[in-house]
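These notes concern the structure reproduced below.
Quick note on labels: first sequence line is chain A, next is B, and so on, each numbered from 1. Keep in mind that this is a model prediction, so the values were computed, not measured. Below, all heavy atoms of this structure are taken into account, side chains as well, without hydrogens, waters or symmetry copies.
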Number of protein chains: 2
Amino acid sequence: MQQRLTPKRLAIVEVLAGASRPLALPEILELGDGLAQSSVYRNLVVLERAGVVHRIVTAEASRFELAEELTGHHHHLICTSCGMVEDVPAASGLEASLADAVTPVEDATGFRTKTHRIDLVGLCKNCL
Amino acid sequence: MQQRLTPKRLAIVEVLAGASRPLALPEILELGDGLAQSSVYRNLVVLERAGVVHRIVTAEASRFELAEELTGHHHHLICTSCGMVEDVPAASGLEASLADAVTPVEDATGFRTKTHRIDLVGLCKNCL
DNA sequence: CTTTCTGCAAACGATTTGCAGCAGC
DNA sequence: GCTGCTGCAAATCGTTTGCAGAAAG
């Protein structure tokens, strides 16, 4: 099982690269052109396994964005009213405190942290 | 539209109160006894609107836990291998740094933060 | 009685999958 | 040719909803 970088896959990656926030499937279908829904889903799975895209699950639907290795580590603003998700760059002080906080938890639980997610949940400018 | 605290609703709350992690629906059905699936869903919506339970959306299904006002603020360990979710109490130093980090973001974006989520993503003891 | 709750079964919507044809190597 | 990719339509699965009866006030 080896995989190709087909034009379709490239198109999906480019659509995601052009966005400043995670995209839901209908958005990918619109922005990319002439993509079949099922193929997009299939390709997103492939790309996810390849570590190229990352899936974010929200209440209504999944959203997809390029993996952090490609976009830089960041966090999300999530609007509870309209469902908007926006990227914000990670603050370095915060990352450091998080690293400090993680260690004792790992020791206590045997959990091995690979990455983390920090989401700020509230209302966006438009929904205030 | 006013609502009652029926035995069924109480049963759901008690099941959630007895767990140390967010539960998926099948788990609630097993632990609670004689509950109909649709009624549990409906009651969870009611309880969610009442601010008693909180819904967490994962890749496979929704999970539910008591609201933080009742359980204390905490974060989650999420295992990417088996889907397990476990609660961890929030570290106070971390909360403080997060508060510091949030302010400039709010100023820059006009976003109003109501709450936040911090998830540690990795592998649990059993899946290591 | 009127309103809310319940269970059942049917409906729904996002995602997945089976299949047959096409394209890359 | 063999293997992987694609689109279409059908299937799947968690969740929601319509309905008629039961329970609460």
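- Nucleotide C/dT16 holds its P atom 11 Å from the CD atom of B/Glu60, rounded to whole Å.
- Protein atom CG of A/Leu35 is 13 Å distant from nucleotide atom C1' of D/dC5, rounded to whole Å.
- Distance, A/Leu5 CG to D/dC5 P: 11 Å, rounded to whole Å.
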Between side-chain atoms of residues 66-73 of chain A and protein atoms elsewhere (two or more places apart, or another chain), which donor-acceptor pairs fall under 3.5 Å?
| residue | atom | partner | partner atom | Å |
| --- | --- | --- | --- | --- |
| A/Glu68 | OE1 | A/His73 | ND1 | 2.7 |
| A/Glu68 | OE2 | A/His73 | ND1 | 3.3 |
| A/Glu68 | OE2 | A/His74 | N | 3.4 |
| A/Thr71 | OG1 | A/Ala67 | O | 3.3 |
| A/His73 | NE2 | A/His75 | NE2 | 3.2 |
| A/His73 | NE2 | A/Glu95 | OE1 | 3.2 |
| A/His73 | NE2 | A/Glu95 | OE2 | 3.3 |
| A/His73 | NE2 | A/His116 | NE2 | 2.9 |

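- The closest side-chain donor-acceptor pair between B/Thr113 and B/Glu106 falls under 3.5 angstrom.
- In this structure, the nucleotide among C/dT6, D/dT15, D/dT6 sitting nearest to the side chain of B/Leu25 is D/dT15.
- Side-chain nitrogen and oxygen atoms of A/Ser62 include none within less than 4.0 Å of the OP1 or OP2 phosphate oxygen of C/dA14.
- In this structure, the separation between OG1 on A/Thr109 and CG on B/Asp87 is 12.0 Å, given to the nearest 0.5 Å.
- Here the nucleotide nearest the side chain of A/Arg55, chosen from D/dC5, C/dG7, C/dT16, is C/dT16.
- Using a 4.0 Å cut-off, no side-chain N or O of A/Thr6 falls inside it from OP1 or OP2 of C/dA23.
- Here the options are B/Val85, B/Ile56, B/Leu29, B/Leu31, the test is side-chain contact (heavy atoms from CB on, under 4.5 Å), and the partner is B/Leu23; only B/Leu31 passes.
- Here the side chains of B/Val46 and B/Val52 are not in contact, with every heavy-atom distance at 4.5 Å or above.
- Between the side chain of A/Ser62 and the backbone N or O of A/Thr58, no donor-acceptor pair lies under 3.5 Å.
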Using a cut-off of under 3.5 Å, enumerate the N/O to N/O pairs linking the protein to nucleotides 11-13 of chain D.
none

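- Residues from residues 37-44 of chain B placing a heavy atom under 4.0 Å of any atom in DNA chain D, listed by number, are B/Gln37, B/Ser38, B/Tyr41, B/Arg42.
- Along DNA chain D, the nucleotide closest to A/Val46 and the one closest to B/Arg63 are compared, and the more 5′ of them pairs with A/Val46.
- At least one side-chain heavy atom of B/Arg21 sits under 4.5 Å from a side-chain heavy atom of B/Arg63.
- Contacts between residues 10-17 of chain B and DNA chain C, counted as heavy-atom distances below 4.0 Å, involve no residue at all.
- A/Phe111 and B/Ile78 make their closest contact through CZ-O, 3.3 Å (heavy atoms, listed as atom of the first residue, atom of the second, distance).
- Rounded to whole Å, the distance from CZ on A/Arg49 to C1' on D/dG4 is 14 Å.
- The side-chain heavy atoms of B/Arg112 and B/Lys114, taken from C-beta on, include no pair separated by under 4.5 Å.
- Across the protein-nucleic acid pair, A/Leu47 atom CG and D/dC5 atom C1' stand 13 Å apart, rounded to whole Å.
- Residues B/Glu65 and B/Arg55 form no side-chain contact, since every pair of their non-hydrogen atoms from C-beta on lies 4.5 Å or further apart.
- Atom pair A/Lys8:NZ and C/dG24:P shows a separation of 11 Å (rounding to whole Å applied).
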Enumerate donor-acceptor pairs with a distance under 3.5 Å from any side-chain N or O in residues 118-128 of chain B to protein atoms, sequence neighbours excluded.
| residue | atom | partner | partner atom | Å |
| --- | --- | --- | --- | --- |
| B/Asp119 | OD2 | A/Arg117 | NE | 3.4 |
| B/Asp119 | OD2 | A/Arg117 | NH2 | 3.2 |

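- Considering only heavy atoms from C-beta on, A/Val13 stays 4.5 Å or farther from A/Leu5 through its side chain.
- Atom OH of A/Tyr41 and atom CG of A/Leu35 lie 13.0 Å apart (nearest 0.5 Å).
- When rounded to the nearest whole Å, the span between CG of A/Leu29 and C1' of D/dG7 equals 13 Å.
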Are there any protein N/O atoms within less than 3.5 Å of an N/O atom in nucleotides 21-25 of chain D, and if so, which ones and at what distance?
| residue | atom | partner | partner atom | Å |
| --- | --- | --- | --- | --- |
| D/dA24 | O4' | B/Arg4 | NH1 | 3.3 |

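- B/Glu86 is not listed as a side-chain neighbour of B/Cys79, based on a closest heavy-atom distance of 4.5 Å or more.
- For A/Ala61, whose side chain is taken as the heavy atoms from C-beta onward, the closest listed nucleotide among C/dT16, C/dA14, C/dC5 is C/dA14.
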